Amino acid sequence: MKTLKYFFAGALMLSISAQSMAQDVKSQIAAVSKVIVENQGNLKAQQAAAKDFVKLYKKNPEALAGLGRAFLDAKDQASALKYAEMAVKAGKNNAAGYLLKGDIAAMNDDGGEAAMWYQTATQLDPKNPTGYIKYARVYQKVDAAGAEEMLRKLTSIDPSYPVDAEIAHMYYANNKFSKALENYQRVALDKMDDSKLTEFALSAYFLGKSQESLVPAEFGAKRHPRSAGLNRLAFYDNTDLKNFDKALEYADALFNRSDSAKFTQRDYLYYGHALKGAGQYEQAIEMFKKTYEMDETQNDVLKLISDSYLEKENADHDQAVTYLKQYIEKSGDVKASHFTSMAKIYRDLAESATTDAEKEAALMKADKVYADMAAAMPTNEDFATYQRAHLMHQINSDVKVGKAKPFYEKYAQMMEAKTDRDSAENTTLAEAYNYLAVYYLQNDKMAQAKDYARKLQAIQPENDTARQILELK
């Protein structure tokens, strides 16, 4: 019944059209197009509507091309081509049929044939920009310079035509963002609609040029305050530029005052970055958690959650450790930075400790992290050993007790075995020698103290500690 309903509705619509030929052809094309598209798959209904339409407009190339385009929209290329040919015969000097033939070829990825038909259209109707634009869009993949040259011909036909914007759109559609940006920058912002402003801003954004993207994004967002796309770009750009308060204004506009906005994982991620940058850590954590819920393959978000727990005013070290451990476990490829990040959490916890016992417990956890690092990454054992020496000295800074002695001794041995030490390693080796020399001196072991003092002086000839120890009798 539904099919018959469409059929009789279309036939009635066209019979009424037959009684009033004076009606606007465009409205009739729209009417028959609606019937054709809505009856996609119902050939009888489509053919009946087309037959009545052709009776009225068999000598009108624009109307016949419009009918063919309706079939093209309904994915019936054979019928579309049939009416394109009829349009060409009805008006050999009319471009409509050739434009449609070009569109059919373009749909079949035959850029060469499409370009040929579009070029013919420009020759038949040189004042119609459509042929130039469509030619350029298909030919740009083959010869970008030639496509641009074709579009620039529009300037001589209509000096007011926004050629640079059209060229920019052409490049944007082909993912040539640098050329798109270059051309959009030649166009006054108030001469572009919101889609062109969005493309302008996106071109710069994709190239990592946030400041250049921000200009059209904010201009467009002020002119179209309910545009989700423009609010989103202004939000992203301000976040990347660390204008966090401004970013949050646009985030609010995107999430609460934009039409037809569909939110993505990237929106929540950026919201988290903006909130974190503005010092609103609790809210940032919520956004980062939302991001991770949407895609649990985004392991880096776990690190952001950990950092946020650590950076907020009342740092939650336990939660920071929990999320950092998840991040490390899911990363698979363990890096030295993973260990140093974990150790930093415990070192920060030690700094905020209110008792010596709490401080020592935190530092010992950091020491365990570096011990694990040395075992898991032998190439970083010297670094881990050096850090453990520092941690032990923090736990007990009395050199005579020598809490750090075993680690400085081991570090010294590792550095002495290297034949290509750099200046930074010589400096840390001197630190180890200095500690060990003083340790043996305070424990009345002069021979060992002078031995390390000589090693220290060999690296740092002007070192006062070495000189003073070596002068002792």
Side-chain angles (χ1 to χ4, degrees), residues 303 307 310 324 327-328 331-351 359-360 362-472:
K303 179 68 164 55
D307 290 344
L310 197 60
L324 184 58
Y327 166 67
I328 293 172
S331 294
D333 182 21
V334 180
K335 300 177 181 177
S337 59
H338 295 162
F339 291 101
T340 55
S341 294
M342 182 70 73
K344 184 180 183 302
I345 294 176
Y346 290 124
R347 282 178 147 163
D348 289 344
L349 181 59
E351 288 183 12
K359 178 180 179 180
E360 182 173 345
L363 291 173
M364 287 304 296
K365 287 181 179 179
D367 177 72
K368 175 65 167 56
V369 171
Y370 284 117
D372 292 341
M373 180 183 186
M377 308 182 75
T379 56
N380 287 279
E381 185 180 7
D382 53 354
F383 171 80
T385 303
Y386 178 73
Q387 295 300 322
R388 296 184 74 186
H390 275 222
L391 290 167
M392 293 302 110
H393 189 62
Q394 280 184 264
I395 292 173
N396 190 328
S397 58
D398 186 345
V399 179
K400 185 175 183 178
V401 173
K403 187 79 171 174
K405 173 181 173 289
F407 301 100
Y408 273 128
E409 281 182 331
K410 185 173 182 179
Y411 182 72
Q413 292 169 4
M414 286 188 284
M415 287 297 101
E416 287 170 353
K418 291 190 71 171
T419 57
D420 57 345
R421 291 194 306 268
D422 57 31
S423 59
E425 289 171 330
N426 277 333
T427 298
T428 53
L429 178 57
E431 177 189 321
Y433 285 154
N434 191 94
Y435 183 96
L436 293 167
V438 172
Y439 167 81
Y440 281 114
L441 178 65
Q442 292 187 0
N443 282 279
D444 299 323
K445 295 183 178 180
M446 188 62 69
Q448 291 95 324
K450 287 193 174 187
D451 184 35
Y452 279 110
R454 278 189 287 272
K455 291 181 178 182
L456 175 57
Q457 193 175 61
I459 296 176
Q460 296 179 345
E462 305 302 321
N463 187 283
D464 284 339
T465 299
R467 178 183 55 78
Q468 290 174 14
I469 292 176
L470 291 173
E471 288 176 353
L472 292 173

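Quick caveat: nothing in here was measured; it's all calculated off a predicted structure. These values consider heavy atoms only, across backbone and side chains, with no hydrogens, waters or symmetry-generated copies.
We find the CG-CZ distance between Asn380 and Phe339 to be 9.0 Å, quoted to the nearest 0.5 Å. Taking CD of Gln457 as the start and OG1 of Thr465 as the end, the distance is 11.0 Å to the nearest 0.5 Å. Residue Leu441 holds its CG atom at 10.0 Å from CD of Gln468, rounded to the nearest 0.5 Å. Here the CG-CD distance, from Asn443 to Gln448, works out to 10.0 Å after rounding to the nearest 0.5 Å. How far CD1 of Ile469 is from CG of Asp464: 11.0 Å, rounded to the nearest 0.5 Å. Annotation: the span from Leu429 atom CG to Ile459 atom CD1 amounts to 4.0 Å, rounded to 0.5 Å.
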**Request:** With side-chain contact (heavy atoms from CB on, under 4.5 Å) as the test, would you mind laying out the steps for Tyr346 and Asp367 before giving the verdict?
**Result:** CA-CA 9 Å; Tyr346 290 124; Asp367 177 72; over 6 Å; no

**Asked** Run the side-chain contact (heavy atoms from CB on, under 4.5 Å) check on Ser341 and Lys303 step by step: do they pass?
**Response** CA-CA 10 Å; Ser341 294; Lys303 179 68 164 55; 3.7 Å; yes

**Message:** One pair to check against side-chain contact (heavy atoms from CB on, under 4.5 Å): Asp382 and Thr428. What are the steps and the verdict?
**Reply:** CA-CA 11 Å; Asp382 53 354; Thr428 53; over 6 Å; no

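Residues passing the ring-ring contact (aromatic ring centres under 6.0 Å, His included) test with Tyr386 are His390, Tyr411, sequence neighbours excluded. Residues meeting the ring-ring contact (aromatic ring centres under 6.0 Å, His included) test with Tyr327, sequence neighbours left out: His338. Applying the salt bridge (charged side-chain N to carboxylate O under 4.0 Å, His left out) criterion to Lys445, with sequence neighbours excluded, gives no partner residue. Residues satisfying the ring-ring contact (aromatic ring centres under 6.0 Å, His included) criterion with Tyr408, sequence neighbours excluded, are Tyr435. Looking at residues two or more places apart in sequence or on another chain, you find a side chain to side chain contact (heavy atoms under 4.5 Å, CB included) between Glu360 and Met364, Ile395. For Asp420, there are no salt bridge (charged side-chain N to carboxylate O under 4.0 Å, His left out) partners at least two apart in sequence or on another chain. Ser337 pairs by the side chain to side chain contact (heavy atoms under 4.5 Å, CB included) definition with Lys335, Thr340, not counting sequence neighbours. With sequence neighbours excluded, no residue forms a salt bridge (charged side-chain N to carboxylate O under 4.0 Å, His left out) with Lys365.
In this structure the side chain of Asn426 never reaches within 4.5 angstrom of the side chain of Gln460, judged on heavy atoms.
Minimum heavy-atom separation, Leu456 to Ala430: CD1-O, 3.4 Å. Here the closest non-hydrogen pair linking Ala389 and Ala404 is O-CB, 3.3 Å. Shortest non-hydrogen contact noted between Ala437 and Ala453 is CB-N, 4.1 Å. A pairwise comparison of heavy atoms in Ala366 and Ala343 identifies CB-O, 4.0 Å as the closest pair.
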Show every donor-acceptor pair shorter than 3.5 Å between a side-chain atom in residues 369-379 and any protein atom, with sequence neighbours excluded, or say none if there are none.
unit_1, atom_1, unit_2, atom_2, d
Asp372, OD1, Lys368, NZ, 2.9
Asp372, OD2, Lys368, NZ, 2.9

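The salt bridge (charged side-chain N to carboxylate O under 4.0 Å, His left out) contacts involving residues 447-463 comprise Glu416-Lys455, where partners must be two or more places apart or lie in separate chains. Among residue pairs with one or both ends in residues 392-412, those qualifying as salt bridge (charged side-chain N to carboxylate O under 4.0 Å, His left out) are Glu381-Lys410, Lys405-Glu409; sequence neighbours excluded. Identified under the salt bridge (charged side-chain N to carboxylate O under 4.0 Å, His left out) test for residues 424-435, with sequence neighbours left out: Lys418-Glu425.
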